[in-house]
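Take a look at the structure below.
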Amino acid sequence: MECKKRVYLDHAATTPMRPEVIDAMSAVMSDTFGNPSSLHREGQRAKKLMEEARESIATSLRCDPQEILFTSGGTESDNWAIKCASWRAAEDDGISPRNGIITSSVEHPAVLHSCESLEKHGLKVTYLPVDEFGLVSNDSLVEALSPETSLVSIMFANNEIGTIEPIVDLCRVSHEKGALFHTDAVQAVGAVPVEISDLGVDLLSFSAHKFGGPKGVGGLYVRKELKLPPFLNGGAQESHHRAGTENLPGIVGMARALELAIAEREETGRRVQVLSEKLMALLKEKIPNVRFNGHSTLRLPGIVNFTVPGADGEKLLLLLDIHGFACSAGAACSSKDAKTSHVLTAIGLSQEDAASALRISIGRENTEDDIIRFADALSEIVGK
Ligand code: PLP
């Protein structure tokens, strides 16, 4: 099959950087090399750009600038939130420290493995099950919460199947039991409305490369009344919370990317949703017995996860790649350890069906033609 151009359908893994973001970062890299901690003019110019970026991100996410702390991305933000909120709780309450964490079985490995590392230090972790659509139920959280629970961490939207969790309700019941609430909003920020002032969460992770920004930079929202211990020790950067000279080009690029993503979110969301629906309709028509994974309405507009019964998802992925299409057979972060997806098995798929799944994640630059060509290519490959 002749391929005209490559079609990128893996935006949940990462997004292409926007030209406006590259321009903003190039300007910083060529003109503003100062260290934001230096007192001279070069340093202060860098500091000013960094604080403007913090203000812009806070405006985009509806919180105060001092509540935004810069990190190296979603993984660091998740590690920080989970480890530090748990240490804080253990320190706070001398006699009967709260030493329990509640999370869900469909979280990203950055959350799951952070929890596992705390389990090795004696903390008790509860992994809540999800229903067939990937939803955590309020009732199961209420049942699991106890006076020992220090932190609840439930993702805003799932990176494999796109299911959006009922964060406001889950956060409310956690607070009623005195637990802190963290959400990994790495897939949600820029794709659906994420307005922290309405959510009530204590901690929220985000990452620039998921919304048209650069890799290796992200942030953690920390509610201002919350005093977290520092994650990285060293200099006084990020109000003594996260030592290390800041990634100024990355921070400026992230702020620009978020401004653009928020300004265009509604229109892009509508377009991407139409393309997702078109893709699902074509797959139903062309692929015998195709089954869709995740929730039909409570989901990110761009993620379509489906099982092609009897197929090997990884082989499909490689053949699609040869035909010019980039997609994923599961989460990119775990694709090197050839295990079946923990998310798909958590929603009840057999190992076999989970191994036959593909994740297509549509982004702002995709067109209807991309979707039609993808569906044709997949049906031809499956037919063979
Ligand atoms: N959390 C979720 C839900 C993700 O999808 C990802 C990346 O795929 C991460 C965390 C990790 O983010 P980063 O790649 O910025 O470390």
Side-chain angles (χ1 to χ4, degrees), residues 8-17 21 57 68-83 103-117 127 130 134-136 153-165 167 170 182-192 194 201 203-221 231-232 242 247 250-251 253-255 257-258 261 294-295 298-305 326-337 341-344 346-347 359-363:
Y8 185 75
L9 292 167
D10 202 13
H11 293 80
T14 197
T15 55
M17 255 165 71
V21 171
I57 290 170
I68 296 293
L69 298 172
F70 296 125
T71 67
S72 65
T75 299
E76 183 185 325
S77 301
D78 286 346
N79 270 261
W80 187 358
I82 288 164
K83 293 175 182 169
T103 187
S104 83
S105 51
V106 293
E107 299 293 314
H108 188 271
V111 168
L112 290 176
H113 295 167
S114 294
C115 289
E116 283 162 19
S117 85
Y127 299 90
V130 292
L135 286 171
V136 173
S153 178
I154 306 287
M155 69 203 315
F156 197 114
N158 188 271
N159 48 304
E160 293 192 42
I161 54 177
T163 299
I164 297 177
E165 301 293 344
I167 291 304
L170 298 169
H182 164 247
T183 188
D184 173 343
V186 166
Q187 290 291 338
V189 166
V192 289
V194 176
V201 300
L203 299 144
L204 179 145
S205 307
F206 57 96
S207 177
H209 73 105
K210 305 292 184 177
F211 49 81
K215 291 161 188 62
V217 62
L220 181 65
Y221 158 82
F231 188 50
L232 294 180
R242 199 265 184 190
N247 170 5
I251 289 168
M254 172 163 66
L258 191 54
H295 202 282
L298 299 173
R299 61 179 194 83
L300 294 174
I303 294 189
V304 179
N305 190 311
C327 63
S328 168
C333 311
S334 58
S335 62
K336 277 194 221 89
D337 44 36
S341 149
H342 68 286
V343 175
L344 296 179
I347 62 171
R359 176 189 71 182
I360 306 306
S361 42
I362 300 168

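Only a predicted model underlies this, so the values are computations on that prediction, with no experimental measurement involved. Whatever order the structure lists ligands and atoms in, that order sets their numbers, starting from 1. Both backbone and side-chain heavy atoms feed into the values below; hydrogens, waters and symmetry mates do not.
For the pair His342 and Glu160, the minimum side-chain heavy-atom distance is below 4.5 Å. Looking at His209 and Val217, their side chains never come closer than 4.5 Å, going by heavy atoms from C-beta outward.
At under 3.5 Å, a nitrogen or oxygen of Gly74, whether backbone or side chain, sits near a nitrogen or oxygen of ligand 1.
Contacts between Thr75 and ligand 1, counted as non-hydrogen atom pairs separated by less than 4.0 Å, involve both the backbone and the side chain. Neither the backbone nor the side chain of Lys215 has a heavy atom within less than 4.0 Å of ligand 1. When non-hydrogen atoms are compared, ligand 1 lies under 4.0 Å from neither the backbone nor the side chain of Asn158.
In this structure, Glu107 has no heavy atom closer than 4.0 Å to ligand 1. The closest approach between His209 and ligand 1 falls below 4.0 Å for a heavy atom of the residue.
When each atom of ligand 1 is checked for a heavy atom of Asp78 under 4.0 Å away, the hits are 1 (N), 10 (C). Interface atoms of ligand 1 facing Ser207, defined by a heavy-atom separation under 4.0 Å, are 13 (P), 15 (O). In summary, the atoms of ligand 1 found under 4.0 Å from a heavy atom of Gly73, numbered by their order in the structure, are 15 (O).
Judged as a side chain to side chain donor-acceptor pair (under 3.5 Å), and not counting sequence neighbours, Thr75 has no contacts. Residues satisfying the ring pair (Phe, Tyr, Trp, His ring centres under 6.0 Å) test with Tyr8, not counting sequence neighbours, are His11.
Of all the heavy atoms in Val21 and Pro214, the pair that sits closest is CG1-CD, 4.1 Å.
In summary, the side chains of Asp184 and Ser205 do not present any donor paired with an acceptor at a separation below 3.5 Å, with no hydrogens or angles considered.
Taking CG from Asp78 and OG1 from Thr71, the interatomic distance works out to 9.0 Å, rounded to the nearest 0.5 Å.
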